[in-house]
Amino acid sequence: MIKSEKGRKVNFIYITPKADISSKSYKDEADKLVRELKLPEGYYYEWAGQSQYLESAMDRLVYIIPATFVIIFILIYFALRNFIYAMIVFLTLPFALIGGLWYVDFLNFNISIAVVVGFLALLGIAAETAIVMMVYLDEAVVEKENRVGKLDQLALKAAVIEGAALRLRPKLMTVFAILGGLFPIVYLEGVGSEVMQRIAVPMIGGMISSTVLTLIIIPVLFYVSKQSILSK
């Protein structure tokens with residue numbers, strides 16, 4: 001069969017990399033070897049397909065990901081109306097990604113557009129739960145101050161523990177509800193299942209580390225920030 005493209009004769013070579021090799025990694029390695037070939041005059045080669053789509057998408061994500069982080073920080077600030085609280089929540093969000101990265105590596109998934117989308121969705125959920133925790137903690141401290149007046153370190157610690165304990169049940173309910181909805185996706189088979197799995201896996205792993213972030217790290221940082229204010 002004679003095929004043509006752009007007014008020239010063309011031949012397609014279809015390549016399916018192994019499961020543990022991404023299309024970009026395969027292309028980068030293969031391109032080094034192909035460049036050593038001396039093609040006859042008038043002949044040339046170019047890459048197409050999934051690797052081309054991935055490169056195009058990654059070029060856009062270079063701008064989309066930073067913009068997403070900026071928007072998340074702005075929304076966190078508007079939700080809390082406190083710059084220190086907003087910084088605590090924002091700077092602890094990368095900790096929520098640890099579980100997602102571990103689970104992606106555990107299942108030997110390559111970084112793809114779907115995986116990146118899963119991480120961005122995870123950041124949104126982690127930010128939301130961290131904001132609620134900060135609200136609970138701040139309300140607990142204000143309520144404690146209204147009852148006993150100016151707080152010392154022991155009273156502040158008791159207020160932080162009380163506020164974090166109030167958030168325990170809602171946080172666990174949120175985590176189990178999300179995991180219950182996402183875990184079945186990992187074991188689905190059929191059309192579109194591979195994409196959905198790569199979106200769900202970062203969120204599943206990230207929700208576990210996000211639980212530690214919300215219930216332990218956020219209260220600790222909140223206590224440290226309040227303690228520094230009291231010391232002044």
Side-chain angles (χ1 to χ4, degrees), residues 22-28 47-107 109-138 167 170-171 174-175 177-179 181-182 185-186 192-218 221-222 225:
S22 67
S23 58
K24 184 179 184 307
S25 300
Y26 183 92
K27 177 193 169 181
D28 292 341
W47 297 90
Q50 186 177 0
S51 62
Q52 185 182 29
Y53 302 144
L54 182 61
E55 286 183 358
S56 176
M58 285 298 183
D59 291 339
R60 295 172 183 169
L61 286 175
V62 169
Y63 304 99
I64 293 175
I65 292 177
T68 301
F69 277 98
V70 172
I71 293 172
I72 288 175
F73 178 78
I74 293 173
L75 293 176
I76 292 172
Y77 177 76
F78 284 145
L80 298 174
R81 298 292 181 177
N82 187 300
F83 183 77
I84 295 177
Y85 291 177
M87 288 298 295
I88 290 175
V89 172
F90 184 76
L91 294 178
T92 54
L93 287 182
F95 185 84
L97 302 178
I98 293 176
L101 291 171
W102 176 83
Y103 200 33
V104 168
D105 182 68
F106 178 76
L107 295 178
F109 285 174
N110 296 307
I111 297 298
S112 62
I113 303 303
V115 172
V116 173
V117 170
F119 277 116
L120 293 179
L122 170 64
L123 285 176
I125 298 174
E128 179 184 5
T129 55
I131 288 171
V132 175
M133 173 59 83
M134 293 295 291
V135 172
Y136 271 76
L137 294 173
D138 188 62
R167 182 65 185 129
K171 174 61 179 178
T174 302
V175 170
I178 293 175
L179 292 180
L182 293 177
I185 298 177
V186 180
S193 61
E194 292 184 355
V195 175
M196 293 303 299
Q197 287 170 359
R198 281 152 181 78
I199 295 176
V201 164
M203 298 180 66
I204 292 173
M207 285 308 301
I208 297 174
S209 59
S210 173
T211 303
V212 179
L213 165 68
T214 304
L215 297 179
I216 299 177
I217 296 178
I218 293 292
L221 293 179
F222 179 86
S225 65

Table please: side-chain donor-acceptor pairs of residues 199-210 below 3.5 Å, with sequence neighbours left out.
residue, atom, partner, partner atom, Å
Ser209, OG, Ala96, O, 2.8
Ser209, OG, Gly99, N, 3.2
Ser209, OG, Gly206, O, 3.1
Ser210, OG, Lys171, NZ, 3.4

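- At a threshold of 4.5 Å between non-hydrogen side-chain atoms, the residues Leu123 and Thr68 do not count as touching.
- Leu80 approaches Ala86 most closely through the heavy-atom pair CD1-N, 3.9 Å.
- With sequence neighbours left out, Ile74 forms a side-chain contact (heavy atoms from CB on, under 4.5 Å) with Val70, Phe78.
- Residues meeting the side-chain contact (heavy atoms from CB on, under 4.5 Å) test with Ile65, sequence neighbours left out: Leu61, Phe69, Val116.
- Residues Ile76 and Leu93 meet the side-chain proximity criterion, which asks for heavy atoms closer than 4.5 Å.
- With sequence neighbours excluded, the residues forming a side-chain contact (heavy atoms from CB on, under 4.5 Å) with Leu101 are Phe119, listed by chain and number.
- Scanning for ring-ring contact (aromatic ring centres under 6.0 Å, His included) contacts around Tyr103 gives an empty result, with sequence neighbours left out.
- With values rounded to the nearest 0.5 angstrom, Arg198 atom CZ is found 9.0 Å from Leu107 atom CG.
- Atom CD1 of Ile217 sits about 12.5 Å away from atom CG of Leu91, to the nearest 0.5 Å.
- Put simply, the side chain of Thr92 gets close to the backbone of Val89: a donor and an acceptor are under 3.5 Å apart.
- Between Ala127 and Ile72 the shortest heavy-atom distance is CB-CG2, 4.3 Å.
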_Derivation and outcome, side-chain contact (heavy atoms from CB on, under 4.5 Å), residues Leu215 and Met133_ = CA-CA 8 Å; Leu215 297 179; Met133 173 59 83; 3.9 Å; yes
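- Of the inter-residue distances, the one linking Leu179 atom CG with Thr211 atom OG1 reads 7.5 Å to the nearest 0.5 angstrom.
- Here OG1 of Thr214 is found 10.0 Å from CZ of Phe95. Values are rounded to the nearest 0.5 Å.
- Here the CD1 atom belonging to Ile84 is positioned 12.0 Å from the CG atom belonging to Leu221, to the nearest 0.5 angstrom.
- With sequence neighbours excluded, no residue satisfies side-chain contact (heavy atoms from CB on, under 4.5 Å) with Pro94.
- Judged as a side-chain hydrogen bond (donor to acceptor under 3.5 Å, both in side chains), the pairs with a partner in residues 75-86 (not counting sequence neighbours) are, in order, Tyr85-Asp138, Tyr85-Lys226.
- Between Ile125 atom CD1 and Thr174 atom OG1 the span is 9.5 Å, to the nearest 0.5 Å.
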